[in-house]
Amino acid sequence: MNPHEKIVSDFIDQLNKEKKPKEDEYTTDSDELKELFQTVKLVKSLKEPAMPGEDFPVKLVKAVEEQVSRKQTVKTRKWAWMASIVGIAAMFALMINILFTPGSSNIVKAMEEAYQMINAYHGTIEIVETNEDGESVTQAKLEVWANKDGNYYIKGIQGPNKDYITVNNGEKKWQLQPDKKQVQIFPTFPDNYSFIFDLGNEVNDVKNALSVKEIGEEKIVGRKTTVLEVTPKGGSSYHLWIDQETKLPLKKQSAMQHAIQYTVTYTKIDFSNSIPNELLSYQVPRNYAVIDNNPEQVVNNLEEVQKTAGFTPTSPKTIPDGYIQERIAVLPEQKIVKMYYSTKDRSKKVMIVQGKSTGKFKPVPNATLGKINKHPVEIQAPFYEEAGLLGGGIPYSGSTKINSLRWQQDGLEYVVVGQASLEDLTVFVENVVDGQLEMPSQNEQSSLKPKVEVPYDLSVEENDQKNADAGSSPWKLDPLFTTQVFVSLKMSPEGITGEYPVSIEDLKLIQNTGKTAVVEVTGDQSPIKRVYLKRLIRQDATGIWTVVGYDPME
């Protein structure tokens, strides 16, 4: 391992431990290391489908050294899994429950009305990273075309995705990767990986924020703006600059987390009736390879589905008012059927997924549990974690504007997922399997009292919640992992070394109302039979779990 590889490896280790590295791009005199440090931090900030391997530092150093030897400008490596720079948007939460401070509701209403007046827009986005010492570096620049139908064209101007083009035209989503001479195909819907600073999402975020406060005025790229402090229900407050002329967002700045803050700005923006057709037209450049890991075959009727998938799926007996069926598609290799629905204005989209059950139904740990026809239903509102038919690396988990319901019945697994309310999805569910969806009651645990209560310090829990918001201690967001740590420490009070004394496979989530949860421990060696947990600070998918009691093993 050469000196640069060792420095980069130590830098990654410190970031993974949520500590500030001894050396970074602001302290080193090496241009190579500056680029390497920036690349590592950008990779860590992205929502990645796959983590870099152990040879990441070696490959990264080698790539930069090769480029330096050719006397070219050092560029950060383009990772194939970076579908777009939108991963940074994971910092910006999409939350619920409206509560505006006095005087702020007028500007929020003006933003909504202004966004309704436009059809499409075109601009240049600049993404800047700032450290705790106030030193800034531009991470990326993007050219953006977008419309209210959810279609967009994104081109990297500067940064890791330079010259990459990502397009979603409503029927197909793809990314041109010139350095690899390939076109990567992605699912069109649900589409969590669109682009950072979508105006529609920003307006919706402000509308549904916990609080919005005007804190001043400032000129941004020559325009007078009103500065808002927005507090979502989950996550830290951020600042948003609203153009006083157009009433639309121009700039967004995250809170400082782990000594890093991101600022996203429209340095240029204008409005039009539509995105140019040539930008949304799917064309494969000459000598480019097409990479499609989830190819869909559109079919005309259920008879064709049966021939392709090997079973006849169930269609909704009735479709909710305002919705129409768009298409039916099959994934031939996986034998999975997808039925797409949307409202006429495409503001709401729903997909029903069906396939043969391949194993025992196991809901994801953070899901609320309901029932239909006596079968357990996994409820994710918002959709947080892939599982079952939505597994296999389909890149749209973590999207707070998508909800999903998943269950098994009569040898089939069903998923109803969509950019729509739980009420709309429930109508689809009940019309697919002819049953009534029983949502969990928040009072279910009142009859389940732990035999031993576990004391807690609310101030400590509040700090743990802040740490989780900043990306630390992610295990506290999972009731099973929280239980595993608690039970393991009971079995090894002096500390845990090596494997946990109790396996995650020995834990079974038997109840989750979204606010309270009960986990059963099945391991033979455990002194605990059942663990009781609550979300004390925040009762949504971003809230941490706290053990409040347990039942000893009899």
Novice: Could you report the tightest heavy-atom contact between Asn168 and Leu280, atom names first, then the distance?
Specialist: O-CD2, 4.2 Å
Novice: Can you see whether Thr318 engages Asn431 through a side-chain donor-acceptor pair at a distance of less than 3.5 angstrom?
Specialist: yes
Novice: Show, in sequence, the C-alpha distance, side-chain angles and deciding distance for Gln158 and Thr138, and conclude whether the side chain to side chain contact (heavy atoms under 4.5 Å, CB included) test is met.
Specialist: CA-CA 9 Å; Gln158 178 180 326; Thr138 300; 3.7 Å; yes
Novice: Is it the case that over 12 heavy atoms from other parts of the model lie below 6.0 angstrom from the CG atom of Asp321?
Specialist: no
Novice: Heavy-atom distance under 4.5 Å between the side chains of Val128 and Thr265, does that happen here?
Specialist: no
Novice: Less than 4.0 Å between a side-chain N and a carboxylate O, is that true for Glu378 and Arg406?
Specialist: yes
Novice: Is any side-chain heavy atom of Ile402 closer than 4.5 Å to one of Lys349?
Specialist: no
Novice: Checking Leu248 against Asp243 for the side chain to side chain contact (heavy atoms under 4.5 Å, CB included) test, could you report, in this order, the C-alpha distance in whole Å, the side-chain angles of both residues, the deciding distance, and whether it holds?
Specialist: CA-CA 6 Å; Leu248 293 170; Asp243 184 359; 5.6 Å; no
Novice: Going by heavy atoms in the side chains, are Asp424 and Lys348 under 4.5 Å from each other?
Specialist: yes
Novice: Work out which heavy atom in Asn151 is nearest to a heavy atom in Ile275; give both atom names and the distance.
Specialist: O-CD1, 3.7 Å
Novice: Indicate the atoms forming the closest heavy-atom contact of Ser237 with Glu229, along with that distance.
Specialist: CB-CG, 4.3 Å
Novice: When you measure from the side chain of Gln465 to the backbone N and O of Thr542, does any donor-acceptor pair fall under 3.5 Å?
Specialist: yes
Novice: If I take atom CD from residue Glu135 and atom OG1 from residue Thr130, how far apart are they, to the nearest 0.5 angstrom?
Specialist: 10.0 Å
Novice: For the pair Asn161 (side chain) and Gly156 (backbone), establish whether a donor and an acceptor sit closer than 3.5 Å, ignoring hydrogens and angles.
Specialist: no
Novice: So which atom in Ser254 and which in Tyr238 form the shortest heavy-atom distance, rounded to 0.1 Å?
Specialist: CA-CB, 4.2 Å
Novice: Any side-chain to backbone donor/acceptor pair from Gln539 onto Arg535? Under 3.5 Å, distance only.
Specialist: yes
Novice: With the threshold set at 4.0 Å, does a side-chain nitrogen-carboxylate oxygen contact exist between Lys534 and Glu461?
Specialist: no
Novice: Using 0.5 Å steps for rounding, measure from the CH2 atom of Trp545 to the CG atom of Leu477.
Specialist: 10.5 Å
Novice: Heavy-atom count check: over 12 atoms from other residues, nucleotides or ligands less than 6.0 Å from Phe361 CZ?
Specialist: yes
Novice: What I'd like to find out is whether the side chain of Val531 reaches to under 4.5 Å of the side chain of Leu533, using heavy atoms alone.
Specialist: yes
Novice: Is a donor from one side chain sitting under 3.5 angstrom from an acceptor on the other, for Glu296 and Tyr340?
Specialist: yes
Novice: For Trp407 and Glu413, which I'm curious about, is there any donor-acceptor pair between the side chains at under 3.5 Å?
Specialist: no
Novice: List the steps and the verdict of side chain to side chain contact (heavy atoms under 4.5 Å, CB included) for Tyr532 and Val547.
Specialist: CA-CA 6 Å; Tyr532 301 79; Val547 175; over 6 Å; no
Novice: Taking atom CG of Asn277 as the centre, report whether more than 12 heavy atoms of other residues, nucleotides or ligands fall under 6.0 Å from it.
Specialist: no
Novice: I'd like to know whether CD of Glu453 has more than 12 heavy-atom contacts from other residues, nucleotides or ligands below 6.0 angstrom.
Specialist: no
Novice: Measuring from atom OG1 of Thr483 to atom CG of Leu507, what distance do you get when rounded to the nearest 0.5 angstrom?
Specialist: 6.0 Å
Novice: Is a side-chain donor or acceptor of Lys172 paired with a backbone partner of Asn169 at a separation under 3.5 angstrom?
Specialist: no
Novice: Please report the closest heavy-atom contact between Asn512 and Ala367, naming both atoms and the distance.
Specialist: ND2-O, 2.7 Å
Novice: Return yes if a side-chain donor-acceptor contact under 3.5 Å exists between Tyr164 and Gln177, otherwise no.
Specialist: no
Novice: Sequence neighbours left out, what pairs pass salt bridge (Lys or Arg N to Asp or Glu O under 4.0 Å) with at least one residue falling in residues 137-158?
Specialist: Glu126-Lys141
Novice: Are the side chains of His122 and Ile269 in touch, meaning some heavy atoms are under 4.5 Å apart?
Specialist: no
Novice: Quick one, Tyr456 and Val454 - any side-chain contact, counting heavy atoms below 4.5 Å?
Specialist: no
Novice: Minimum heavy-atom separation for Val350 to Ala420, with atom names?
Specialist: CG2-CB, 4.0 Å
Novice: Do Thr263 and Ile127 make a side-chain contact, defined as non-hydrogen atoms from C-beta onward lying under 4.5 Å apart?
Specialist: no
Novice: Determine, step by step, whether Lys207 and Glu112 satisfy the salt bridge (Lys or Arg N to Asp or Glu O under 4.0 Å) criterion, reporting the C-alpha distance in whole Å, the side-chain angles of both residues, the deciding distance to 0.1 Å, and the verdict.
Specialist: CA-CA 8 Å; Lys207 176 184 175 182; Glu112 288 187 88; 3.4 Å; yes
Novice: Quick one: pull up CD in Gln511 and OG1 in Thr368 and give me the separation to the nearest 0.5 Å.
Specialist: 11.0 Å
Novice: Just checking Asp345: does its CG atom have more than 12 heavy atoms from other residues, nucleotides or ligands closer to it than 6.0 angstrom?
Specialist: yes
Novice: Could you go through the side chain to side chain contact (heavy atoms under 4.5 Å, CB included) check for Leu142 and Ile157 one step at a time?
Specialist: CA-CA 5 Å; Leu142 306 171; Ile157 302 174; 5.8 Å; no
Novice: Please determine whether salt bridge (Lys or Arg N to Asp or Glu O under 4.0 Å) holds for the pair Glu202 and Lys252, giving the CA-CA distance in whole Å, both sets of side-chain angles, and the decisive distance to 0.1 Å.
Specialist: CA-CA 9 Å; Glu202 297 305 326; Lys252 184 174 186 177; 2.9 Å; yes
Novice: Within this structure, what is the OG1-CE distance for the pair Thr246 and Met111, rounded to the nearest 0.5 Å?
Specialist: 9.5 Å
Novice: With no hydrogens and no angle check, do the side chains of Asn463 and Asn467 hold a donor and an acceptor under 3.5 Å apart?
Specialist: no
Novice: Does one side chain, of Gln175 or Gln184, offer a donor that lies under 3.5 Å from an acceptor on the other?
Specialist: no
Novice: Taking atom CD of Gln325 as the centre, does the number of heavy atoms from other residues, nucleotides or ligands within less than 6.0 Å exceed 12?
Specialist: yes
Novice: Are Pro249 and Trp241 packed together at the side-chain level, in the sense that at least one heavy-atom pair is separated by less than 4.5 angstrom?
Specialist: no
Novice: Give the C-alpha distance, both sets of side-chain angles, the deciding distance and a yes or no for side-chain hydrogen bond (donor to acceptor under 3.5 Å, both in side chains) between Asn201 and Asp205.
Specialist: CA-CA 6 Å; Asn201 287 343; Asp205 286 359; over 6 Å; no
Novice: What distance do Lys338 atom NZ and Arg327 atom CZ have between them, rounded to the nearest 0.5 Å?
Specialist: 9.0 Å
Novice: Answer with yes or no whether the side chains of Asn147 and Tyr152 bring together a donor and an acceptor at under 3.5 Å.
Specialist: no
Novice: Quick check on Phe271: does its CZ atom have over 12 non-hydrogen neighbours (other residues, nucleotides or ligands) under 6.0 Å away?
Specialist: yes
Novice: In sequence, state the C-alpha distance, the side-chain angles, and the governing distance for Thr226 and Glu214, and then conclude on side-chain hydrogen bond (donor to acceptor under 3.5 Å, both in side chains).
Specialist: CA-CA 7 Å; Thr226 299; Glu214 296 182 24; 5.3 Å; no
Novice: Would you call the rings of Tyr266 and Tyr121 parallel, tilted or perpendicular, where under 30° means parallel and over 60° means perpendicular?
Specialist: perpendicular
